[in-house]
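These figures come from a predicted structure and were not determined experimentally. What's counted below: heavy atoms across the whole structure, side chains too, no hydrogens, waters or symmetry copies.
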Amino acid sequence: MQKSPIPNILILNPYSLNHIGKISNFTEFEWNKKAASQADVELWCPLIEQNTALLKKENLIYLDDDHIAVIISIDEELNDEGEKILDVKALTLEKYLNYRMITGTYYATNSYVSNIMKDVVNNNAINPVDEKRKIPFLEFGICEENKGGPIEHQKTGGQLNEELEELASTYSLCFNVTAKLKQKKLLVNIYAG
């Protein structure tokens, strides 16, 4: 778990990946990273105009290319001193993979798990048959091939992220989504755990 102080918390527009502001006034910050699934992020900050203008659902919290998260909720609370604060919850970029269901039936025989994971992401989020299902800015980063397996695997339907989490945890692999902000890229990485 990573706690404050964090020097710069930037806020990005999720549709352009452009920087829209900086949160410089906050009281606490936690980043609970998990190897094979999305991390939980929580930020507490004063209820002031600058913070409320920037902290909106779906906006991105950006520390660096390896630490970027999607805001999922913002709640107003009272702190111990009776002051109004914002409690902002976010999930790392793997959350974007929750937005895609696996279409059709995926079947692989005698394939390595890392290759299966890459195929499933490619078919449902990076290069899907239906262009509307493509996740903007998403492409492959570091993807180790021929790890975990070989196995026979069949999957029909279900959430993409859940399938990746199950495969990764069962076969000791990891995956994440990082960014290359200057190049406007979100990168899916698959590697041995």
Taking the inter-plane angle between the rings of Tyr96 and Tyr99 on a 0 to 90° scale, is it parallel (under 30°), tilted (30 to 60°) or perpendicular (over 60°)? tilted
Side chain proximity check, Val70 to Ile61, heavy atoms < 4.5 angstrom: no
Nearest non-hydrogen partners of Tyr62 and Ile68, listed with the distance: CD1-CD1, 3.6 Å
Determine the minimum heavy-atom distance between Thr92 and Ala39, stating which atoms define it. OG1-N, 2.8 Å
So does Glu166 have more than 12 non-hydrogen atoms from other groups sitting under 6.0 Å from CD? no
Is any side-chain heavy atom of Glu163 closer than 4.5 Å to one of Ile102? yes
Ring-face cation contact, Tyr191 with Lys147, 6.0 Å cut, 45° max: no
Between Tyr112 and Val121, is there shared hydrophobic-cluster membership here, with clusters defined by ILVMFWY side-chain heavy atoms closer than 4.5 Å? no
Can you tell me how far the OH atom of Tyr107 sits from the CD1 atom of Ile116, to the nearest 0.5 Å? 10.0 Å
Measure across Pro14 and Asn59 and return the closest heavy-atom pair with its distance rounded to 0.1 Å. CD-OD1, 3.3 Å
Side chains of Asn8 and Lys22, donor plus acceptor under 3.5 Å: yes
I would like to know whether Tyr106 and Asn123 meet side chain to side chain donor-acceptor pair (under 3.5 Å); could you show each step before the answer? CA-CA 9 Å; Tyr106 177 83; Asn123 295 344; 5.9 Å; no
What is the distance from atom CZ of Arg100 to atom CG of Leu138, rounded to the nearest 0.5 Å? 9.5 Å
Consider side-chain contact (heavy atoms from CB on, under 4.5 Å). Of Ile126, Asn127, Asn124, which one does Arg133 pass it with? Asn124
Salt bridge (charged side-chain N to carboxylate O under 4.0 Å, His left out) with Glu42: which residues, sequence neighbours excluded? Lys89
What are the two closest heavy atoms between Leu78 and Gly82, and how far apart are they? CD2-O, 3.5 Å
Please check: side-chain N/O of Glu28 versus main-chain N/O of Trp44, any donor-acceptor pairing under 3.5 Å? no
Start with the C-alpha gap between His153 and Leu167, add the side-chain angles, then the distance that decides, and say whether side-chain contact (heavy atoms from CB on, under 4.5 Å) holds. CA-CA 10 Å; His153 185 72; Leu167 287 167; 3.7 Å; yes
Verify side chain to side chain donor-acceptor pair (under 3.5 Å) between Asn98 and Asn161, making sure each step is shown before the conclusion. CA-CA 5 Å; Asn98 284 342; Asn161 195 52; 3.2 Å; yes
Can a donor-acceptor pair be found between the side chains of Tyr15 and Asn18 at a distance below 3.5 Å? no
Tell me, with the steps shown, if Val88 and Ile71 meet side-chain contact (heavy atoms from CB on, under 4.5 Å). CA-CA 7 Å; Val88 180; Ile71 296 173; 3.8 Å; yes
Are Pro46 and Asn51 packed together at the side-chain level, in the sense that at least one heavy-atom pair is separated by less than 4.5 angstrom? yes
Kindly indicate whether the side chain of Asn189, heavy atoms from C-beta on, has any atom under 4.5 Å from the side chain of Phe175. no
From Leu93 CG over to Asp66 CG, what is the distance, rounded to the nearest 0.5 angstrom? 10.5 Å
